[in-house]
> 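After the C-alpha cells below, expect a handful of questions from me.
Predicted model only: the values in this text are computed from it and were never measured.
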Amino acid sequence: MKVGQYQLLFLIGLLMAFCLGITCSAWWNISFSACLPHFIILLLVFSTASGILALKQHEYTWIAFAGLFFMLGAFRFAAAYELPAQDISHELQNNISIVGSILDAPRITVDADGVQHIRYTVSVHGVRQGKEEHSRSGKLFIYTRGADQDLSEIGNIGDELRADGKVRRPHGYQNPGQIDTAFLLRTQGITASLSAKKNSVSITPNGDISYQQQFMRWAAELRAHYLERMSAIMPRTDAAAIFAMLFGGYEGIRPELLESFT
C-alpha cells in the first residue's frame, strides 16, 4: 500500500486500534501508576517508529501508527480509571461519618410494607473515623429509610448531607446479557455506597448554589412533576415505562418488560 492511499480506511484503523487499547486495558485491569514507566517507554518507541517510517514513506508505516494509537487508548483508559489516593473507596468496610453535597435529586421508592427508601448521590468532602478527620473525594450512593417527608426535609441538589455508616463497594449481579452495574457506576465516578444508620442522616439546606445546580434542580422538579401526573392517570408501571422512554432510566419498569426491550 502506497503512502497517501486509503485515507479513510487508515483513519478507521487508527480509531479501531484506539478502541482496542481501551478494551484491553479494561479487560486486563491495568494499573496506571504501576505501569506508567512502561507506558512512557512504549509510547516513545511507537512515536519514534511512526515518525521515522513516515519520513521514509515506508509501506508498513500504518503498523507503527496502529501500535501508537493502541497504546494511547490503553494509556487513556488506565489514567481515567485509576482511583486517586483521596477517593472514598479507600474507606471500604470502615464505619465513618461522611460529609458531602447532594449531586442528584434523591431517588425515593416505597416497598410493599409502605416503607420509604431514599438513595442519595453524594460528592464527598471529608470523613470522620473516631476522633480523626480526613479529606476525601469521589462520589458514592447513600441509602436510608424514613417516613413520608417533604422535599425540603429529604434534601435537594446542592444541599450538604451528613451520615454515619459502613462504606461498601457497589456490586453488580454479573448475569449473562445484563449490564455490569459496578463498572457502569465506576465510569460515572461512583466508587462506593453507604447504608446510613438509623436517624444519622442530616440535611443542611444550601441557598447559595451555582447556576448549574439551579438548572439541575429545575430539571429534577420537572421530571418529578411529569411522573406524578402520569402516575395519576395510568397504572404506575405503565407510567414508569413511558417516563423511561421520554427521560431515560429503568426505575419502576417491570422486569419482564425490561427484558423484552433488551
Side-chain angles (χ1 to χ4, degrees), residues 83-174 179-210 213 216-217 220-221 223-224 227-228 236 240 249-252 255:
L83 292 174
Q86 297 295 318
D87 192 81
I88 186 62
S89 62
H90 296 299
E91 297 286 351
L92 289 176
Q93 303 304 318
N94 291 337
N95 285 295
I96 60 174
S97 297
I98 192 167
V99 180
S101 58
I102 300 175
L103 291 176
D104 198 1
R107 302 296 177 91
I108 305 169
T109 57
V110 180
D111 62 21
D113 298 326
V115 179
Q116 189 180 73
H117 299 261
I118 308 173
R119 189 194 76 188
Y120 296 96
T121 306
V122 175
S123 175
V124 181
H125 301 155
V127 300
R128 178 195 292 270
Q129 186 176 13
K131 296 182 179 180
E132 297 181 357
E133 294 186 4
H134 306 282
S135 175
R136 286 288 181 262
S137 62
K139 295 185 285 187
L140 83 166
F141 285 149
I142 293 182
Y143 299 92
T144 185
R145 295 188 298 176
D148 293 338
Q149 297 170 295
D150 296 329
L151 182 61
S152 59
E153 297 174 323
I154 292 175
N156 209 337
I157 296 171
D159 290 346
E160 183 181 274
L161 181 146
R162 296 174 179 267
D164 301 337
K166 178 180 287 189
V167 179
R168 302 182 188 278
R169 189 186 303 278
H171 68 278
Y173 295 102
Q174 304 291 337
I179 296 173
D180 187 342
T181 307
F183 186 82
L184 177 62
L185 293 176
R186 178 73 177 272
T187 61
Q188 298 170 0
I190 300 171
T191 57
S193 66
L194 182 143
S195 295
K197 296 179 181 178
K198 187 176 182 180
N199 300 324
S200 72
V201 175
S202 62
I203 305 292
T204 303
N206 182 9
D208 185 20
I209 59 176
S210 65
Q213 290 173 325
M216 292 176 64
R217 283 190 179 186
E221 292 171 0
R223 288 166 54 94
L227 182 58
E228 181 182 353
R236 192 166 186 85
Y250 301 95
E251 293 186 14

> How about Ile190 and Thr121: do any of their side-chain heavy atoms sit closer than 4.5 Å?
yes
> Side chain to side chain contact (heavy atoms under 4.5 Å, CB included) between Leu161 and Val99: does it pass, once the steps are laid out?
CA-CA 6 Å; Leu161 181 146; Val99 180; over 6 Å; no
> Could you walk me through whether Ile98 and Ile142 pass the side chain to side chain contact (heavy atoms under 4.5 Å, CB included) test, one step at a time?
CA-CA 10 Å; Ile98 192 167; Ile142 293 182; 3.9 Å; yes
> Please test Tyr120 against Leu194 for side chain to side chain contact (heavy atoms under 4.5 Å, CB included), starting from the C-alpha separation and ending with a verdict.
CA-CA 10 Å; Tyr120 296 96; Leu194 182 143; over 6 Å; no
> Could you state the interatomic distance from CZ (Arg107) to OH (Tyr143), rounded to the nearest 0.5 Å?
10.5 Å
> Could you state the interatomic distance from CD1 (Ile157) to CE (Met216), rounded to the nearest 0.5 Å?
4.5 Å
> Take His117 and Thr144 through the test side chain to side chain contact (heavy atoms under 4.5 Å, CB included) and record every step on the way to the result.
CA-CA 6 Å; His117 299 261; Thr144 185; over 6 Å; no
> Please determine which of Ile209, Thr204, Ile154, Ile102 meets the side-chain contact (heavy atoms from CB on, under 4.5 Å) test together with Asp159.
Ile102
> What pair of heavy atoms forms the shortest contact from Gln129 to Asn95, and how long is it?
CG-O, 3.8 Å
> Are any of the side-chain heavy atoms of Ser193 and Leu140 separated by less than 4.5 Å?
no
> Could you point out which residue of Ile88, Leu103, Val122, Val124 forms a side-chain contact (heavy atoms from CB on, under 4.5 Å) with Lys139?
Leu103
> Could you check if a side-chain atom of Asp208 sits within less than 4.5 angstrom of a side-chain atom of Asn206, using non-hydrogen atoms only?
yes
> Residues two or more places apart in sequence or in another chain: which of them pass side-chain contact (heavy atoms from CB on, under 4.5 Å) with Ser210?
Gln212, Gln213
> Among Arg169, Arg168, Arg136, Lys166, exactly one meets salt bridge (Lys or Arg N to Asp or Glu O under 4.0 Å) together with Glu91. Which residue is that?
Arg136
> Are the side chain of Asn94 and the backbone of Ile96 linked by a donor-acceptor contact shorter than 3.5 Å?
no
> Quick one: does Pro106's side chain get under 4.5 Å of Arg119's, heavy atoms only?
no
> Locate the shortest heavy-atom distance separating His125 from Ser101; write the atom from each residue and the value.
NE2-OG, 3.4 Å
> State which residues pass salt bridge (charged side-chain N to carboxylate O under 4.0 Å, His left out) with Arg162; sequence neighbours excluded, sorted by chain then number.
Glu160
> Could you tell me which non-hydrogen atom of Ala196 sits nearest to which non-hydrogen atom of Ala163, and how far apart they are?
CB-CB, 4.2 Å
> Using the rule side-chain hydrogen bond (donor to acceptor under 3.5 Å, both in side chains), only one of Ser200, Ser202, Ser97 pairs with Asp164; which is it?
Ser97
